[in-house]
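Some notes on the structure that comes next.
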Amino acid sequence: MKKYLLTTAALALLSNTAFAADLMGEADRPAIDWTGAYVGLDLGGAWHDGRSETLTNVAIHSFDDFDDVLGGGGGLLAGIHAGYDVQYGNLVMGGVVEAALANIDETFDDGANDVLVESQIDYVAAAKVRFGYAVDRMLFYGTVGGAMTNYEIVVTDRIDDRTGAIDQTLYGYVLGGGAEYAMTENVSVRLDYSFHDFDSQRYDFNDVNIDFEDEDVGLTLQTFKLGISYRF
């Protein structure tokens, strides 16, 4: 009888210990499984800052330094994204591609009504690796990858009535991060920040009848986006 009671007590203790371990394990596990494909929409804003690598001086009337006019301008963007995540415990890794139409511009007037310089960005696209940590319904993540955009610069010589416009495709890298919240098993919302740095390209306005020397123009771009995703 004593042996029976000891055996029963041991089994009960083991059962309770296993149950407690299961409860602890469940508490540590995220409430949502992030593994799977997803698609979604983005809406946000952006700020760009152009730069001239060559810093050459030019002379069109009162305008003599191209680098001074490529300062920051802002605007809105709207786009789509698609990706796939794999979850290992609390760790989440995956990839995401994004594309957005943009209305990001800046205008410089030399003040003497001689020269007008306008810059415009119409789209931004990126392919990124995403890595994060899931806590309950939240996912905190960082991103790194490659990006591309267009950068159009229009120079107008008002005195001689000449205009030169060059639209280049720029390539570079992107770094960022954000937080995503799963409202349901299939629908999540995210707040995302990205910093883009694009390599310089040659802008030669001599080919469009504006007497500028060659300028190697680069660009940095920061974006803030609110997104909603549907997970399959």
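Computed from a predicted model, the values in this text were never measured in an experiment.
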Item to check | Minimum-distance pair of heavy atoms, taken over all atoms of Asp197 and Phe195 | outcome: CB-CE2, 4.0 Å
Checklist entry - Are Tyr181 and Ile228 connected in a single hydrophobic cluster, I mean Ile/Leu/Val/Met/Phe/Trp/Tyr linked by side-chain heavy atoms less than 4.5 Å apart? => result yes
Next on the checklist: Quick check against the 3.5 Å criterion: does Arg231 have a side-chain atom that pairs as donor or acceptor with the backbone of Glu185?
Outcome noted: no
Checklist entry - Within a radius of less than 6.0 Å around CZ of Phe232, do more than 12 heavy atoms belonging to other residues, nucleotides or ligands occur? => result yes
Next on the checklist: Are the side chains of Glu152 and Ile166 in contact, using a 4.5 Å heavy-atom criterion?
Outcome noted: no
Checklist entry - Roughly how far, to the nearest 0.5 Å, is OG1 of Thr107 from CD of Glu118? => result 4.5 Å
Checklist entry - Going by distance alone, is a donor N or O of one side chain under 3.5 Å from an acceptor N or O of the other, for Gln120 and Asp122? => result yes
Checklist entry - Side chain of Asp136, backbone of Met138: donor and acceptor closer than 3.5 Å? => result no
Checklist entry - CH2 of Trp47 to OG1 of Thr220: how many Å apart, nearest 0.5 Å? => result 10.5 Å
Checklist entry - In the single-linkage hydrophobic clustering (I, L, V, M, F, W, Y; side-chain heavy atoms under 4.5 Å), do Ile32 and Tyr88 co-cluster? => result no
Next on the checklist: Quick check on the hydrophobic clustering: are Val144 and Val96 connected, directly or via other members, by side-chain heavy-atom contacts under 4.5 Å?
Outcome noted: no
Checklist entry - When rounded to the nearest 0.5 angstrom, what distance separates OG1 in Thr149 from OH in Tyr171? => result 10.5 Å
Next on the checklist: Checking Met93 against Val86 for the side chain to side chain contact (heavy atoms under 4.5 Å, CB included) test, could you report, in this order, the C-alpha distance in whole Å, the side-chain angles of both residues, the deciding distance, and whether it holds?
Outcome noted: CA-CA 5 Å; Met93 295 188 64; Val86 177; 5.7 Å; no
Checklist entry - So do the side chains of Arg190 and His81 get within less than 4.5 Å of each other, counting heavy atoms only? => result yes
Checklist entry - Does Val117 reach the side chain of Ile153, with side-chain heavy atoms less than 4.5 Å apart? => result yes
Item to check | Asn150 side chain to Thr169 backbone, donor-acceptor under 3.5 Å | outcome: no
Next on the checklist: Testing the basics here: between Leu219 and Ile121, what is the closest heavy-atom pair and its distance to 0.1 Å?
Outcome noted: CD2-CD1, 3.7 Å
Next on the checklist: Can you give me the closest heavy-atom contact between Leu221 and Phe198, atom names plus distance?
Outcome noted: CB-CE1, 4.1 Å
Item to check | Distance-only polar pair, side chains of Glu180 and Ser188, donor-acceptor under 3.5 Å | outcome: yes
Checklist outcome for this item: For Tyr38 and Ser229, the nearest pair of non-hydrogen atoms, with its separation, is CD1-OG, 4.1 Å
Checklist entry - Which heavy-atom pair separates Gly45 from Leu77 by the least distance, and what is that distance? => result O-CD2, 4.3 Å
Item to check | Side-chain heavy atoms of Arg130 within contact of Asp85, under 4.5 Å | outcome: yes
Next on the checklist: So if I apply the side-chain hydrogen bond (donor to acceptor under 3.5 Å, both in side chains) rule between Ser194 and each of Lys128, Gln222, Glu98, which one comes out positive?
Outcome noted: Lys128
Item to check | Between CG on residue Asp42 and CD1 on residue Ile80, distance to nearest 0.5 Å | outcome: 9.0 Å
Checklist entry - At what distance, to the nearest 0.5 angstrom, does OG1 of Thr35 lie from CD of Gln87? => result 5.5 Å
Item to check | Over all atoms of both residues, closest heavy-atom pair of Ala46 and Thr223 | outcome: CB-CG2, 3.9 Å
Next on the checklist: With clusters defined by side-chain heavy atoms of hydrophobic residues (ILVMFWY) lying less than 4.5 Å apart, directly or transitively, does Leu41 cluster with Val187?
Outcome noted: yes
Next on the checklist: Pair Phe140, Tyr133 - check ring-ring contact (aromatic ring centres under 6.0 Å, His included), show working.
Outcome noted: CA-CA 5 Å; Phe140 302 94; Tyr133 189 85; 8.4 Å; no
Next on the checklist: Distance alone, cut at 3.5 Å: any donor-acceptor contact between the side chains of Thr184 and Asn186?
Outcome noted: no
Item to check | Mutual orientation of the aromatic rings belonging to His48 and Tyr151 [parallel < 30°, tilted 30-60°, perpendicular > 60°] | outcome: perpendicular
Checklist entry - Hey, quick one: are Tyr141 and Val189 part of the same hydrophobic cluster, counting side-chain heavy atoms closer than 4.5 Å, chains of contacts allowed? => result no
Item to check | Side chains of Thr163 and Thr156 in contact at under 4.5 Å (non-hydrogen atoms) | outcome: yes
Checklist entry - Side-chain contact, heavy-atom cut-off 4.5 Å: Asn103 with Asp105? => result yes
